[in-house]
A.B. asks: 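Take this structure, written in structure tokens, and hold onto it; I'll ask about it next.
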Amino acid sequence: MDYNFGEIEPRWQNYWREHGVYHVDNDSSKPHYYVLDMFPYPSGAGLHVGHPLGYIASDIYARYKRLRGFNVLHPMGYDAYGLPAEQYAIQTGQHPAITTEQNIKRYREQLDKIGFSFDWDREVRTCDPKYYKWTQWTFLQLFKHYYDNTEDKALPIATLEARFAKSGSEGLDAACTEVLDFSAEEWNSWDEARRQQVLMNYRLAYLADIPVNWCAGLGTVLANDEVVNGLSVRGGYPVERKLMRQWSLRISAYAQRLVDGLEQVDWTDSLKEIQRNWIGRSEGAAVWFPLDVKSNANVLPGVQAYMTQFDPQPVPSFEIFTTRPDTIFGVTFMVLCPEHELIDQITTVEQRQQVQDYVTWAKNRSERERQAEVKKVSGVFTGAYAVNPLTEERIPIWVSDYVLAGYGTGAIMAVPAHDSRDFAFARHFNLPIRQVVALEKDAVSDPATWTESMDAKTGYSVNSGFVTGMKVKEAMKAVIDRIEEMGIGHRTVNFRLRDAIFSRQRYWGEPFPVYYKNGIAYTIPEECLPLELPEVKEFKPTATGEPPLGHAEKWAWDTKTNTVVNCSAIDNKTVFPLELSTMPGFAGSSGYYLRYMDPRNDEAYFSKEAVGYWQNVDLYVGGAEHGTGHLIYARFWNKFLFDLGMAVKEEPFQKLINQGMIQGRSNFVYRSKADNGLFISKGLIKNMDDVTPIHVDINIVDNDVLDIERFRQWRPEFADARFELEDGKYVCGWEVEKMSKSMYNVQNPDDLVARYGADTLRLYEMFLGPVEQAKPWDTNGIEGVHRFLKKFWKLYDTSLTSETSLTGPATKEELKVLHQTIKKITDDVERFSFNTSVSTFMICANTLTDMKCDKREVLKPLAVLIAPFAPHIAEELWHQLGNDTSVFDASWPQYDPQMLVEDTVKYPVQFNGKMRFTIDLPADCTQADAVAAVKAAPDAAKWLTGEPKKVIFVPKKIINIVL
RNA sequence: GCUCUGGUGGUGGAAUGGUAGACACGAGGGACUUAAAAUCCCUUGCCCGCAAGGGCGUGUGGGUUCAAGUCCCACCCGGAGUACCA
């Protein structure tokens, strides 16, 4: 009987479905294991072969864990809210819900064909009101909590209100937009509006006027990770900085915990590093530099009064942040960012016009221009001076856009000798440069001769007053200590991580459960959730520039009935307008892994029992492109729910594997430039300049050989194509590019399943190379694994049918092959090396094919071993061997270490009067066993005649025997 | 620039510090066949040699080791992330 995958695969897929083989319960005496894939965004293009790579890997591991006796949670769902569906709606007028539904249906069909073990009873969709109810609910909790730095966790806003009423802001250390200082009396005297304004300053989900990434092309605001080089990641439209009133999540409050948490998880170093860089923690000092008021005769009149409001400093001064406090003796100027609030106050009359012009110019520059011209030095002198608090020197204050408003305090002390940017600035404006650090204590030179600054944090301080001669690290500490003693600064930590902007001026997303009363945001009651997305006639922004929800007729909140009513009813007494923006894509994906634990619960996000059982995700598989987006937001989300006592683990994803991107392998034909109808085979081209490479559909190319007839039919302009062939074939060129329709290099998994079967596709995707590695898709090798499956099938077929060829029970040799295979496969699967696993199966099958005895004893465990990889064929063979339950109810075979002991000694080497034998030994082998094994080995017998004088034994590896 | 990765045949890739190139593709040769497909067998890192055999080989140069693709130092070249972050 032939290997008829087309019949076998659908049959077992039905069997699994009908028998609920993949159904998972939340209580079990078995140990739990949670394997999660990053759920897909169902785009209109469908799946290509790159998408299932990670799903296949996780499916193998999930099935393996199950065979090892674990209760495995392996769910799948859809990240269904997002821009492409909405862009499509704008173009065609089709409701995004309809196109999304269609796309999901297609995804499901494609996924089903590959034979995954997902528990579809647990499917979630982010656009489903029953799901986004909990996205909105989490938002409400974020709104109702603040971050207390003293307790180092989120606490209810009510706690804060009580505190303010009792003692004002005194002693409060909380994450906030702006540090406020007020007394209990003040708080108690304030009206509702003022109090709400103050509370907003602390909420973890807050509304504020902030500079945002406004993308006119998409008509929405974008988060930092959605913008690259001043262009939107989606669509590539220009992005500008704009001040807008937006919802944000105070993710920066969790910056330290997000850094610390990386120590506890089992992720790749590179991904941890990506997150550390993104969070950007730097230690340093905040230092107050007093303004030199006496010498600033021309300073505008109000400045003295302005400066004295800074508390605790009675002296007029402003704050800078530095990571190099040790270089404070090398400060030769200060720089403020163009947005700095002190500029207007301190600029002298003479410099005023110049400074104003510069500030205007800098503010109007687009983000893109600014980034493109990073190397260009620009700036202007304010005419004002500050005083170096340690040297009491007078130093000029400049304005330049190389100092950023968003980081630190927007003001720096410039040390041109030891900072490359300060160095460039000093050279450009001819400002003094003073060396204060040297590699050796006496290695001082004239900075005028330098070509670059000395930025490294190594060496010794020189010309630096009381720290001269100290190592850089000691000097840092000494300077900060002195600064703290003097009361002019303190140690501090700065993060690069910004709060996440949470509003999107779009339709296809979760509505905010928020309405506005007198311009103040109020949340709708929790029991009224979900606040469902209203219908609109038009998906574009409104004429007034409001988001698409402005088109909704029924989008007002009635506080009497707690229902959504028509906008015409708005009276601002009991009926109020609802928020018009929607939540971003990362909202729905930030907590979905928790919802899978208890997906049909209408009373809670997830039950205590469910999360208590599953804890967190044991293995998460997905792309590294989410390193600075989803994976940060989800960790933040989880930590917040942890503070609320809901999540039981602080980190959501224990182990994480990034599957490498599958690139496309494009094929080219080469058209002669001299003769437009002539195509020259690759090997015959003398000079690449004579030909034009043209992308050709990879589906009409086989092993880089062009199917000439299909090429002629492919496009009308090639109907009369002529060819210069080599050996009667037209050989195409190839290149690795992104997989995309326009390059004609997209490989659809459905075609491969139809041609070779799902098991072949699964094995081949794994065989291609390590899961983590990026690699081009190349269908050429798929025949190899398909041949293997045919051979594997035949191995069973002949063993079961042709009894006459069997000569007896499995031999020791045969069993040894089996036990080696069990060990190798187990080890490989444990370390996610699925490509070598496939090779091991091939070797095993080759060896067994040649053996002439009854193989059934061997084939049974082999069916279980291969089941995670090729579930359909394994299930079929398992049943043919006489089992009537699923192979996935079997248990993983164990190997016998005794079977693996080598009885021949390898590589005897003689050196220094010692005799070395290298021998394969099982892990638990003792020294005595090793000596016995060596003695027993025929190769060693001639060397080792008596008892050895001395034995040096390294377990598993080496035995040195002194003769 | 900084950080992280990687560099092995014609190709994808194997190799807990222990016979480098497993396994597969491709290529070449052969068997079966009227023929083709399918299947099976042999060869296939490079160089010298009819052969037996010998020499060279994991980006480059050093080092540690009885032993280095693997560990250490320096450099070169790809890929990714990030970027006036003080």
Side-chain angles (χ1 to χ4, degrees), chain A residues 2 225 228-229 268-278 280-282 284-285 320-325 327 335 337 370-371 373-377 400-415 418-422 424-425 452 455 494-498 624-625 627-628 658 660-661 663 665 703-705 734 736 763-764 767-770 772-788 790-791 794 827 831 833 835-846 849 906-907 909-912 914 916-920 923 954 956-958 960:
Chain A
D2 284 341
D225 68 286
V228 173
N229 289 331
T268 60
D269 289 342
S270 81
L271 192 66
K272 285 186 188 180
E273 206 55 36
I274 286 171
Q275 292 218 337
R276 277 193 203 105
N277 288 343
W278 187 256
R281 182 184 196 276
S282 36
I320 61 100
F321 173 73
T322 180
T323 54
R324 292 295 302 272
T327 61
V335 187
C337 66
R370 201 184 62 73
Q371 286 185 10
E373 294 167 10
V374 154
K375 294 244 156 60
K376 265 194 189 169
V377 177
S400 172
D401 67 352
Y402 85 86
V403 175
L404 303 178
Y407 186 79
T409 56
I412 62 154
M413 60 176 216
V415 185
H418 305 289
D419 181 284
S420 56
R421 295 150 305 178
D422 298 343
F425 195 83
E452 57 181 8
D455 293 8
N494 244 299
F495 294 95
R496 209 186 68 111
L497 183 73
R498 302 292 142 76
E625 66 271 21
T628 53
N658 292 121
M661 228 219 319
Q663 298 139 301
R665 185 181 188 275
N703 278 335
D704 292 339
V705 176
W734 61 273
V736 173
L763 283 180
Y764 185 58
F767 186 68
L768 222 45
E772 282 116 315
Q773 196 173 301
K775 52 207 170 262
W777 177 265
D778 181 356
T779 310
N780 288 341
I782 199 168
E783 294 283 350
V785 291
H786 188 60
R787 250 177 285 216
F788 155 71
K790 284 200 268 190
K791 193 184 284 181
K794 216 171 141 194
D827 291 350
R831 63 189 175 102
S833 177
N835 56 330
T836 53
S837 307
V838 178
S839 300
T840 306
F841 285 126
M842 290 181 178
I843 295 166
C844 180
N846 278 336
T849 304
K906 294 183 193 170
Y907 344 120
V909 179
Q910 194 165 18
F911 72 99
N912 294 350
K914 281 184 255 173
R916 167 185 311 283
F917 301 93
T918 304
I919 182 168
D920 284 349
V954 181
K956 277 177 79 180
K957 255 183 210 166
I958 287 170
N960 285 342

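Computed from a predicted model, the values in this text were never measured in an experiment. Reminder, nothing fancy here: chain letters follow the sequence lines and each chain counts from 1.
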A.B. asks: Check every atom of B:C40, B:A86, B:C4 against the side chain of A:Asp269 and return the nucleotide holding the closest atom.
C.D. replies: B:C4
A.B. asks: With heavy atoms under 4.0 Å as the rule, sort A:Ile412 into base, sugar-phosphate or nothing.
C.D. replies: base
A.B. asks: Would you mind telling me which of B:C85, B:U39, B:U82 lies closest to the side-chain atoms of A:Arg787?
C.D. replies: B:U39
A.B. asks: Would you say A:Asp422's side chain and A:Val415's backbone share a donor-acceptor pair under 3.5 angstrom?
C.D. replies: yes
A.B. asks: Can you tell me if A:Lys790 touches the phosphate of B:U39, counting only side-chain N or O atoms and a distance under 4.0 Å to OP1 or OP2?
C.D. replies: yes
A.B. asks: Need to verify one output field. Residue with the more 5' nearest nucleotide on RNA chain B, A:Gly784 or A:Ser400?
C.D. replies: A:Gly784
A.B. asks: Within the pair A:Tyr402 and B:A86, is there a side-chain N or O less than 4.0 Å away from OP1 or OP2?
C.D. replies: no
A.B. asks: Heavy atoms from C-beta onward define the side chain here; which of B:C25, B:A86, B:A24 lies closest to that of A:Val403?
C.D. replies: B:A86
A.B. asks: Mark yes or no for whether A:Lys791, through its side chain, and A:Met842, through its backbone, hold a donor-acceptor pair below 3.5 Å.
C.D. replies: no
A.B. asks: Given the P atoms of B:U82 and B:U44, what is the spacing between them in whole Å?
C.D. replies: 48 Å
A.B. asks: Would you call the rings of A:Trp777 and A:Tyr764 parallel, tilted or perpendicular, taking 30° and 60° as the class edges?
C.D. replies: perpendicular
A.B. asks: Using whole Å, report how far CG of A:Asp419 lies from P of B:C2.
C.D. replies: 14 Å
A.B. asks: What protein N or O atoms touch nucleotides 6-14 of chain B N or O atoms at under 3.5 angstrom, if any, and at what distances?
C.D. replies:
{"unit_1": "B:G12", "atom_1": "O2'", "unit_2": "A:Leu768", "atom_2": "O", "d": "2.7"}
{"unit_1": "B:G13", "atom_1": "OP1", "unit_2": "A:Gln773", "atom_2": "NE2", "d": "2.6"}
{"unit_1": "B:G13", "atom_1": "O3'", "unit_2": "A:Asn835", "atom_2": "ND2", "d": "3.4"}
{"unit_1": "B:A14", "atom_1": "OP1", "unit_2": "A:Asn835", "atom_2": "ND2", "d": "2.9"}

